[in-house]
Number of protein chains: 2
Amino acid sequence: MNRDSVGPKDGRPVRADAQRNRARILEAAEAVFAEQGASAATDAVAARAGVAIGTVFRHFPTKPDLLKAVVMNLLDRLIGKAEAMVRDQDPNALFAFGALLMEAAASQRAIFARLAETGVQVRVADALERLRPSVDVLLERARDGGAVREDLRSDELIPLLAALCQEAVAAEWDEALRRRALDLLFDGLRRA
Amino acid sequence: MNRDSVGPKDGRPVRADAQRNRARILEAAEAVFAEQGASAATDAVAARAGVAIGTVFRHFPTKPDLLKAVVMNLLDRLIGKAEAMVRDQDPNALFAFGALLMEAAASQRAIFARLAETGVQVRVADALERLRPSVDVLLERARDGGAVREDLRSDELIPLLAALCQEAVAAEWDEALRRRALDLLFDGLRRA
DNA sequence: GAATATAATGAGTACGACTCACTTTGGCAA
DNA sequence: TTGCCAAAGTGAGTCGTACTCATTATATTC
């Protein structure tokens, strides 16, 4: 764990006010984007955070950068849950994880759905890469337990899951369809 | 077939210059967006079409409207191919259609990929709705021929295909992954 | 308690979507 | 043919928003 009280290129500590403002901006952005969608003006975020607009742009040079940071923040919370599932020994945990992932994406629709609308580079697929270590473990265990086909690899599974989550959010699938889509996919992935 | 030489609410014919300009704008837009991405300024489209900016906005009141029209235009070409497959009697035509769809989406990446970046309402899922009649026929035939599970319905299959195409384009899947994803999905959809 | 690098500020700039008062023109009837 | 007029075209101007930068403030270091 590197202390985030030191700058990227090492050297001096990051100033206390800068750390504080960065946190405030992220918090404000999450709230503003959740309320107004990602097309909300950056001024609104600055106002809510109680800083000048220039400060927002110092920390996040472009709007996509800001949105990306917000999403990565949300993702951190998910990772914790995924790691908890790794500790279970259930070979079917992989499927439970897929369901968890999709429900999480759906519940954050307000933010995720708008990401696509504004030229953001954040893709669910990129975000999922961070979950990969956990997925690898879950997949291997499922394979060993005979719960999925032998030839399934995580760099195939992750894009598939990403595709479903992305589209579920973007096209506003209802819960029945989300569940059904996962069932169809996972059913097909089980050992033949 | 209603003549498109008459206006929406019936009444007078649409003026010849209006029809001509609409066609020119669509053609210009397709070229400009393909070259510069959908974030290209509307001025550029107007310039290329040889009309004033106001004329573009008369025909397509918002930029999303313009992008949507371009995509729908592209889709028309696909529909022809789908209908040709319906005329085949092969129960496996459904799978061939899925592959065709994904390759078409991938080849138009320049336009499709940028759609998501600009707040466009055009979703691949919406577009696919127009293909539904053809999909219904293909699916029914596949079911009768025992090529897919009995309980699969087209309003489940279409979103699944849409999800894969959308993500394949957005995340720039390579051909191997596109093929593999379709295989995994279709394999799972076959009769158990 | 200077010195100074780092951060904050916010008026200003750039740019692109969209408007609208005015001009032009295609279709129709006399 | 000719005149009428609604439909269509025009493009300078408005407006909102992402982003800049010269200036000011302040957190750290010695």
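Worth knowing before you read on, the calculation uses all heavy atoms, side chains too, and leaves out hydrogens, waters and symmetry mates.
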Side-chain atoms of A:A16 come closest, of D:dA8, D:dA27, D:dT10, to D:dA27
B:H59 atom NE2 is separated from C:dC18 atom P, nearest whole Å, by 16 Å
Between atom CZ in A:R22 and atom C1' in C:dA7, what is the gap in whole Å?
14 Å
Sorted by chain and number, sequence neighbours left out, side-chain contact (heavy atoms from CB on, under 4.5 Å) with A:R48 holds for A:A28, A:A31, A:V32, A:E35
Return the nearest nucleotide to the side chain of A:A52; candidates are C:dA7, D:dT10, C:dG10.
C:dG10
Protein-nucleotide distance (A:R24, atom CZ; C:dT9, atom C1'), rounded to Å:
15 Å
Report, as a single string ordered 5' to 3', how protein heavy atoms within less than 4.0 Å touch nucleotides 18-25 of chain D: B base, S sugar-phosphate only, - not at all.
SBB-----
May I ask you to test the A:E140-A:D136 pair for a side-chain heavy-atom distance under 4.5 Å?
no
Taking only N and O in the side chain of B:N21, is any of them less than 4.0 Å away from OP1 or OP2 of D:dA8?
no
Qualifying residue, where the test is side chain to side chain contact (heavy atoms under 4.5 Å, CB included) with B:N92 and the options are B:D88, B:D90, B:L94
B:D90
Mind checking whether A:V148 and A:F95 have side chains closer than 4.5 Å, heavy atoms only?
yes
Please tell me if the side chains of A:H59 and A:L26 come closer than 4.5 Å, counting only heavy atoms from C-beta onward.
no
Whole angstroms only, please: what is the CZ-P distance between B:R58 and C:dT25?
15 Å
Closest non-hydrogen atoms of B:A181 and B:W173, given as atom of the first, atom of the second and distance, are CB-CZ3, 3.7 Å
Distance in angstrom units between A:Q19 CD and D:dT26 P, rounded
18 Å
So, does B:T55 get its side chain near the phosphate of D:dT10, meaning an N or O under 4.0 Å from OP1 or OP2?
yes
